[in-house]
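Following: one structure in structure tokens, then a few remarks.
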Amino acid sequence: MDTQVLEPQKKQAEDFLPLLGTDYLELYVGNAKQAAHFYKTAFGFQSLAYQGLETGSRDKVSYVLRQGKITLVLTTPLNSSHPINDHLRKHGDGIKVYAITVNDASKSYLETTSRGGISFMEPTTIEDKDGKIVISGIRTYGDTVNLFVERKNYHGVFLPGYRKWESSFNPEDVGLKFVDHAVGNVELGAMNKWVEYYEKVMGFYNLITFDDSDISTEYSALMSKVVSNGNGYIKFPINEPAAGKKKSQIEEYIEFYEGPGVQHLALATDNIIHTVSELRKRGVEFLSVPGYYYDELLERVGKIDEDVEILRALDILVDKDEEGYLLQIFTKPLEDRPTLFFEIIERKGARSFGKGNFKALFEAIEREQDLRGNL
Ligand code: FE2
């Protein structure tokens, strides 16, 4: 297949759906209390808000954590009949909701559903003493949903129904700032359908395309298209497996998540050496790359501000494009099913996604896949 890497286009998407940024990510998890401890201790998230039995929520509990502009909501059902159990039984822990802040959640719902967006939640107003929030939402790949959150008339800590979560245990943050992108894995042949969905329903445009000649190793391959909204605040790469000698990492994900879903969240930092050093101290495990990667690094990317020996010690990858360079590293899966992981990324001008690292990276993923008996 021909290599087809489109240059990032400056084309403005239609602005029928102005998006103000990522609002929050909600994960359905088996034990929110313990997951919250993990994301605080290991990743430096801060306690923000809580709802559960003590706030009158009788059937589910949610812990809200924040670092920089990144907000995670960890939710667990409190009884066996709650519908969230179906999601957990099927997928294990994973991202259910990618919520986006908008000025007008009712208009966002109308604009998207009238263009073919599959309704998940009609505009719903929730209120408490701190004001009101309007939320609406549409479905996307698998059981994942995109919510539109209108919070301009709300002054509370998170959403109505939550109270501030005061904790005596507050590990320092690690310098994570915002969500750079969120990647979805979909089945073979479904990538274009979801790219078109985002183009048609949300007015996104196709920023970059990678085909299997860009992203292949001896054993497996994948294809990926990145869709972005007009202002670039929201970027969703969408991967599908491509034919290879062995099972691709995307197929492994889909097998264990039992369907399409969010594969990784890329979290931005402006000091990746500090962030990754801290994360390692706290026990976060990362994919490692072979030593020769660093022997050839400067030849490939040219002069960089960072000391290559420090990058080598931390397993941080570097790639460049026409506009600058970026540094990135990938955690191992965050749970027992080999599904969701995080990327830590620092951009120094580059707006791309680390194409030059794909081969080294996927070989590292395959070593892990092989250990799991899934290659
Ligand atoms: Fe990524």
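Residues: numbered from 1 along the sequence shown. Read the numbers this way: they start at 1 and go in the same order the structure lists the ligands and their atoms. Here the structure is a predicted model, which means the values were calculated and not measured.
In summary, the side chains of Tyr154 and Asp128 do present a donor paired with an acceptor at a separation below 3.5 Å, with no hydrogens or angles considered. Inspection of the Thr22 and Tyr98 side chains reveals an N or O donor paired with an N or O acceptor under 3.5 Å.
Here the rule is side-chain contact (heavy atoms from CB on, under 4.5 Å) with Phe45, and of Thr71, Ile70, Leu74 only Ile70 fits it.
When the N, O or S atoms of His181 are ranked by distance to the Fe ion (ligand 1), NE2 comes first. Nearest N, O or S atom of Glu343 to the Fe ion (ligand 1): atom OE1.
The Fe ion (ligand 1) lies at 2.8 Å or more from every N, O or S atom belonging to Asp180.
Aromatic pair Phe210/Phe358: ring centres closer than 6.0 Å.
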